[in-house]
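As structure tokens, the structure follows; a few thoughts come after it.
Throughout, numbering of the chain's residues begins at 1 and tracks the sequence.
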Amino acid sequence: MHISRIYPHKPNKVYLYATCLVDMFDPETGIDAVALLEQLGIEVEYVPKQTCCGQPAYTSGYTEEARTVAEHQMSLFPEPIPIVILSGSCGGMMVHHYPRIFRDHPLHQHALAFSERVFEFTEFLTSVCHVQLADKGDATSVVVHTSCAARREMNVHTHTAHLLSQLSNVNVKSADYEEECCGFGGTFSIKHPNISEAMVDDKTRHILNTGAEQLVSADWGCMLNINGALEYQRQPFKGKHIARFLAERLKSHEASSEAYSQNAKHLGVNA
């Protein structure tokens, strides 16, 4: 489903769409993403009223409800600037499925224009900002998990690989069946818990078999599922979002901690 895009020049300002999962479970990743973008000379605006993108409703067959959510989200980002999103699957929903659910609707052209402004975080760094990263971290090894939706719809696996290849002290290891779903799938894990559990057991086994020291992903839905399984298995291993990993490698993690109180209020986080 992934299609070629025409990328704009690096902007002076962007919106950050943190996603509901980052907001609820890992707001520090949002802070790190802000710090990284600001280091690139980009002003970041966070809209506190942003919520779910509507994907769970849409993939469960509730198109009308998903359209209502999508209409609200589109109204929150009026400026004609890029929207950088910290999830490939949410990005796929906005880029590919917003125009679809507004087909034959008065807001169809608006949805098309909106979708063209949405960029997944790693995509934005590689294809819009053309970043060149200078690794300042100690030697380590990582294994990457890419959401299957993000892989299909947003090509996140290639953008992530490009970023990690620039880190001189990071050895990237490949897991068997890395393109397979982790079993999360939004409401799939709730509707089919036994199947989901078997899938994430396979995923964690393949990840651990790599011997990598760290797990990195660009999608917090998958990470929530995988980290939960690893914790249940009592494994001393926990994945992190790539925004947090890059901030640590570039030492912007410390800078973001210093600016935490200032940026936290924009992200709705209690400092």
Side-chain angles (χ1 to χ4, degrees), residues 7 9-12 14 16 18-19 22 26-44 82 84-88 91 119-147 150-151 154-175 178-179 206-220 222-223 226-227 230 235-260 262-263 267:
Y7 290 104
H9 295 295
K10 189 179 83 169
N12 296 319
V14 299
L16 179 69
T19 77
V22 168
D26 188 25
E28 292 83 1
T29 282
I31 300 296
D32 285 331
V34 170
L36 285 167
L37 293 170
E38 288 180 343
Q39 280 192 346
L40 295 173
I42 299 172
E43 180 185 350
V44 181
V84 180
I85 188 165
L86 297 178
S87 166
F119 301 94
E120 184 272 332
F121 181 70
T122 63
E123 175 190 29
F124 183 76
L125 292 183
T126 58
S127 298
V128 178
C129 297
H130 304 288
V131 295
Q132 296 296 319
L133 306 178
D135 193 356
K136 299 177 182 178
D138 296 331
T140 190
S141 59
V142 302
V143 57
V144 178
H145 171 75
T146 304
S147 157
R151 178 182 288 265
M154 299 297 286
N155 213 26
V156 172
H157 58 300
T158 61
H159 301 308
T160 299
H162 179 72
L163 291 172
L164 295 178
S165 71
Q166 297 181 28
L167 301 176
S168 57
N169 292 326
V170 175
N171 176 24
V172 181
K173 299 192 174 186
S174 298
E178 63 179 19
E179 72 282 356
H206 296 317
I207 287 171
L208 292 169
N209 284 345
T210 66
E213 298 174 76
Q214 300 191 62
L215 168 63
V216 174
S217 178
D219 204 300
W220 238 100
C222 297
M223 191 62 66
I226 294 171
N227 280 349
L230 290 168
Q235 296 288 347
F237 192 75
K238 186 176 182 180
K240 64 183 66 174
H241 193 280
I242 192 169
R244 171 139 283 224
F245 180 74
L246 291 178
E248 292 172 352
R249 301 305 302 180
L250 306 178
K251 300 303 182 184
S252 57
H253 186 72
E254 287 81 355
S256 70
S257 296
E258 294 174 4
Y260 186 87
Q262 179 181 353
N263 287 328
L267 291 167

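- Taking 4.5 Å as the limit, every side-chain heavy atom of T19 sits out of range of all side-chain heavy atoms of D219.
- Other residues, nucleotides and ligands place more than 12 heavy atoms under 6.0 Å from the NE2 atom of H130.
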- Message: Under the criterion side-chain contact (heavy atoms from CB on, under 4.5 Å), I'd like the reasoning laid out for V14 against L16: C-alpha separation, chi angles, the key distance, then a yes or no.
- Response: CA-CA 6 Å; V14 299; L16 179 69; 5.7 Å; no
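- Counting heavy atoms from C-beta outward, V128 and P11 have side chains that approach closer than 4.5 Å.
- Within the 3.5 Å criterion, the main-chain N or O of S174 finds no donor-acceptor partner in the side chain of T210.
- The two residues N227 and G239 come nearest to each other via the heavy atoms OD1-N, 2.7 Å.
- A distance-only check finds a donor-acceptor pair linking the side chain of H241 to the backbone of L86 [under 3.5 Å].
- Atom CG of D138 sits about 7.5 Å away from atom CG of N169, to the nearest 0.5 Å.
- The distance from atom CG of L163 to atom CZ of F245, rounded to the nearest 0.5 Å, is 11.0 Å.
- Heavy atoms only, all atoms of each residue included: A139 and E213 are closest at O-OE2, 4.4 Å.
- D32 and A243 get closest at one heavy-atom pair: CB-O, 3.9 Å.
- Summarising the geometry, atom NZ belonging to K238 is positioned 10.5 Å from atom CG belonging to L230; distances are rounded to the nearest 0.5 Å.
- Distance check, rounded to the nearest 0.5 Å: CG of L167 to NZ of K136 gives 12.0 Å.
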- Message: I'd like to know whether L125 forms a side-chain contact (heavy atoms from CB on, under 4.5 Å) with L40, so could you lay out the CA-CA distance, the side-chain angles of the two residues, the decisive distance to 0.1 Å, and finally the verdict.
- Response: CA-CA 9 Å; L125 292 183; L40 295 173; 3.7 Å; yes
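- The closest donor-acceptor contact from the side chain of R249 to the backbone of D135 lies at 3.5 Å or more, if one exists at all.
- No donor-acceptor distance shorter than 3.5 angstrom exists from the side chain of T29 to the backbone of R244, with no hydrogens or angles considered.
- Closest heavy-atom contact between V44 and E38: CG2-CG, 4.2 Å.
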- Item | side-chain contact (heavy atoms from CB on, under 4.5 Å) assessment of Q214 paired with K240 | CA-CA 8 Å; Q214 300 191 62; K240 64 183 66 174; 3.3 Å; yes
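- By the 4.5 Å heavy-atom criterion applied to side chains, T122 and T158 are not counted as neighbours.
- Scanning both residues, Q132 and Q166, for their nearest heavy atoms gives CA-OE1, 3.1 Å.
- Across all their heavy atoms, L250 and A134 have their closest contact at CD2-O, 3.3 Å.
- Side-chain atoms of E178 and R151, non-hydrogen and from C-beta on, do get closer than 4.5 Å to each other.
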- Would you check, one step at a time, whether the test side-chain contact (heavy atoms from CB on, under 4.5 Å) holds for F124 with I42? CA-CA 12 Å; F124 183 76; I42 299 172; 3.8 Å; yes
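- Side-chain contact check for H157 versus V144: every heavy-atom pair is 4.5 Å or farther apart.
- We find the CE-OG1 distance between M154 and T146 to be 13.0 Å, quoted to the nearest 0.5 Å.
- Distance CZ/F237 to CD1/I207: 7.0 Å, rounded to 0.5 Å.
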